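Scroll down for the structure; my scribbles are underneath it.
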Protein chains: 2
Amino acid sequence: MKLSLIFVEVLSAAEENYLKAILKLELEHKVSVPTGALAHAFGIQAPSVTDMVKKLALKKLLKYEKSKGVRLTDKGKKLAIAIIRKHRIWETFLVQTLEFGWEEVHELAEQLEHVHSEKLIDKLEAFLGFPRFDPHGDPIPDKKGTIVSAKAIVLGAAKVGGNYKVIGISDDSTELLHYLNKLHVKLGTKLLLQSREAFDGSLVIKIGSRGTESISAIVANSLLVVED
Amino acid sequence: MKLSLIFVEVLSAAEENYLKAILKLELEHKVSVPTGALAHAFGIQAPSVTDMVKKLALKKLLKYEKSKGVRLTDKGKKLAIAIIRKHRIWETFLVQTLEFGWEEVHELAEQLEHVHSEKLIDKLEAFLGFPRFDPHGDPIPDKKGTIVSAKAIVLGAAKVGGNYKVIGISDDSTELLHYLNKLHVKLGTKLLLQSREAFDGSLVIKIGSRGTESISAIVANSLLVVED
DNA sequence: CCATTTTTTTAGGCGTGTCTAATTTTTTTA
DNA sequence: TAAAAAAATTAGACACGCCTAAAAAAATGG
């Protein structure tokens, strides 16, 4: 006989993926998500989605009205955010600690995010120094589920006169890393965008408390920054 | 239509667990493994095992003769060892890097070992400095599948006059860690066991190139060592 | 506003990995 | 060595998460 005094709902990887996908679609379209959109997102057939959303509705993770799409409940949204949090922390770990390329970590994080252990995620987060953005520039929800809405942008798209902080580098060639090293640009470095050359998109930036430097558009577009 | 030019067999977590359990039982009993033993190991019913071993036999991962138990094929053994390798590297990571207690990592590693990425394991291994034993003192198979057979022993069970290397601490109380710190004993420290007091099992050891110290049997039994 | 198209649901099926009940095979022992 | 006990297998079932085919509902537009 199995007893569990503290009832922790354990979801399957498939269920977790539905919650995550629904949250993303809700955020993009700000309305209830049609089942067809989910079928398309997963590359599966629509009837499979109908079955699953019924099951998730029974678990009170979402509201489902026939032919009217689905909306996450608070409970469902909380779980979805927790999964996104796991995903982004794992991605950060893979890139920052194990030196994976930022383009190759998504698939791996898709697997790792389904490991059930909140303690593991919290410890990883602390080990990584409580990063606020993942290597793609997406914000990492905190333990309470708070997400800052601003996605990081590439410096190339930043506005002249703004103060920014480097939170990621979206190209991991060693050449670029060496170059940035020479400029004393690394994660956390603060930058002031002083001007942009209309002709080639090159930028003049002030790097931390150091002097100003000119960087090409190519470099500017591989630096992820947030307003600071 | 799906094409895969390089055919990589992807096993389910359940299949991987069978392989791992069979290898362990083979090593313990050096004979073919009866289906009942597997049922007992997993806490499931015997007919479930019969079904699964038939499937694994079809995949050429083991030899199955009705009512005569199973034996891994070379292919099956290779995969089983790879899974054990993953498990032990993850355990080492959890204890060494994330500072989990050694008793709490097994269950987590059971999940992490089923993440499919050889590259991830190789990178983790390198990050950890190619550890040769996990936190429980079990040897970590190398990338080729070679396992040293000697499990690490506790220093309390080592023989007088032997040279040993500390590869783990099987008790993670901060008190013990502080004490060991004071003695300058850490992972990798070399010890010479000079004598054992019959009365209370306390030991006199020479620590690295430092002087000799006397340690209690309690401490000796929480130090995992291998002959060096 | 009614017909056509598109979307969604219902119905029924399948492989995985488990189960129980019943049967068969193997082992033990009297 | 034959009967009893133990171990293993077969047979049939079920939840999960997907499928296809067909029906129903919603959206579109002439």
Side-chain angles (χ1 to χ4, degrees), chain A residues 1-2 9-22 25-26 29 31-71 76 79-80 83 110-111 113-114 116, chain B residues 1-2 4 9-22 25-26 28-29 31-71 76 79-80 83 110-111 113-114 116:
Chain A
M1 181 161 81
K2 268 187 197 172
E9 190 144 26
V10 176
L11 300 183
S12 68
E15 289 171 323
E16 293 190 342
N17 285 334
Y18 272 80
L19 295 183
K20 200 176 47 158
I22 293 166
L25 291 170
E26 275 186 9
H29 304 303
V31 289
S32 73
V33 179
T35 55
L38 288 169
H40 181 257
F42 291 125
I44 65 175
Q45 298 305 310
S48 313
V49 175
T50 304
D51 283 355
M52 179 62 104
V53 297
K54 281 180 182 168
K55 198 173 64 170
L56 293 174
L58 276 178
K59 294 190 180 184
K60 310 277 186 208
L61 297 170
L62 50 79
K63 285 255 192 298
Y64 166 60
E65 283 183 279
K66 248 195 220 174
S67 297
K68 289 193 179 165
V70 299
R71 296 210 69 158
L79 284 171
I83 297 154
E110 289 282 313
Q111 295 184 60
E113 73 190 4
H114 301 300
H116 294 293
Chain B
M1 179 160 87
K2 271 188 195 168
S4 44
E9 191 143 22
V10 176
L11 301 183
S12 67
E15 290 171 323
E16 292 189 344
N17 285 334
Y18 271 81
L19 294 183
K20 199 176 49 158
I22 294 165
L25 290 169
E26 275 186 10
E28 278 168 29
H29 304 304
V31 289
S32 74
V33 178
T35 55
L38 288 169
H40 180 258
F42 291 125
I44 65 175
Q45 299 304 311
S48 313
V49 175
T50 304
D51 283 355
M52 180 61 104
V53 297
K54 280 180 184 169
K55 199 173 63 168
L56 294 174
L58 275 178
K59 294 190 180 184
K60 308 277 186 209
L61 297 170
L62 51 78
K63 284 255 194 295
Y64 166 60
E65 284 182 280
K66 249 196 218 172
S67 297
K68 288 193 178 165
V70 300
R71 299 210 67 159
L79 284 170
I83 298 154
E110 289 282 313
Q111 294 184 61
E113 73 189 3
H114 300 300
H116 294 293

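All of these numbers come straight from a predicted model, not from anything done at the bench. Residue numbers start from 1 in every chain, and the chains themselves are labelled A, B, ... in the order their sequence lines are given, proteins ahead of strands.
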Does any N or O in the side chain of B:Gln111 come within less than 3.5 Å of the main-chain N or O of A:His116, such that one atom is a donor and the other an acceptor?
yes
Collect all protein-nucleotide pairs involving nucleotides 8-14 of chain C in which both atoms are nitrogen or oxygen and the distance is under 3.5 Å.
residue, atom, partner, partner atom, Å
C:dT8, OP2, A:Gly36, N, 3.1
C:dT9, OP1, A:Tyr64, OH, 2.4
C:dT9, OP1, A:Ser67, N, 2.9
C:dT9, OP2, A:Thr35, OG1, 3.3
C:dT9, OP2, A:Thr50, OG1, 2.9
C:dT9, O5', A:Tyr64, OH, 3.4
C:dT10, OP1, A:Lys66, NZ, 3.2
C:dT10, OP2, A:Lys54, NZ, 2.4

Any Lys/Arg nitrogen of A:Arg71 or A:Glu65 sitting under 4.0 Å from an Asp/Glu carboxylate oxygen of the other?
no
Do you know which two heavy atoms are closest between B:Gly76 and B:Leu19, and how far apart they sit?
O-CD1, 4.2 Å
Find the distance A:Met52:CE to D:dA15:P and express it as a whole number of Å.
16 Å
Return the minimal non-hydrogen interatomic distance between B:Val31 and B:Glu26, and the atom names on each side.
O-CG, 3.8 Å
Let's test your reading of the pairing rules: Watson-Crick or G-U wobble, both distances under 3.5 Å, then write DNA chain C as a dot-bracket string with ( ), [ ], | and dots.
||||||||||||||||||||||||||||||
In whole angstroms, the gap separating C1' of D:dA21 from CD of A:Gln45 amounts to 12 Å
Which part of the nucleic acid, if any, lies within contact of B:Tyr18, taking any heavy atom under 4.0 Å across all strands shown: a base, the sugar-phosphate backbone alone, or nothing?
sugar-phosphate
Separation of C:dT16 C1' from B:Asn17 CG (nearest whole Å)
15 Å
Any salt bridge between A:Lys20 and A:Glu110, counting N to O under 4.0 Å?
yes
Donor-acceptor contacts, no H, no angles, side chain residues 41-50 of chain B, under 3.5 Å, sequence neighbours left out:
residue, atom, partner, partner atom, Å
B:Ser48, OG, B:Gln45, O, 3.4
B:Thr50, OG1, B:Ala46, O, 3.4

Can you find a heavy atom in the side chain of A:Leu61 that is under 4.5 Å from one in the side chain of A:Ile22?
no
Output the rounded distance in Å from CD1 (B:Ile44) to P (C:dT16).
16 Å
Just by distance, do the side chain of B:His114 and the backbone of B:Asn17 share a donor-acceptor pair under 3.5 Å?
no
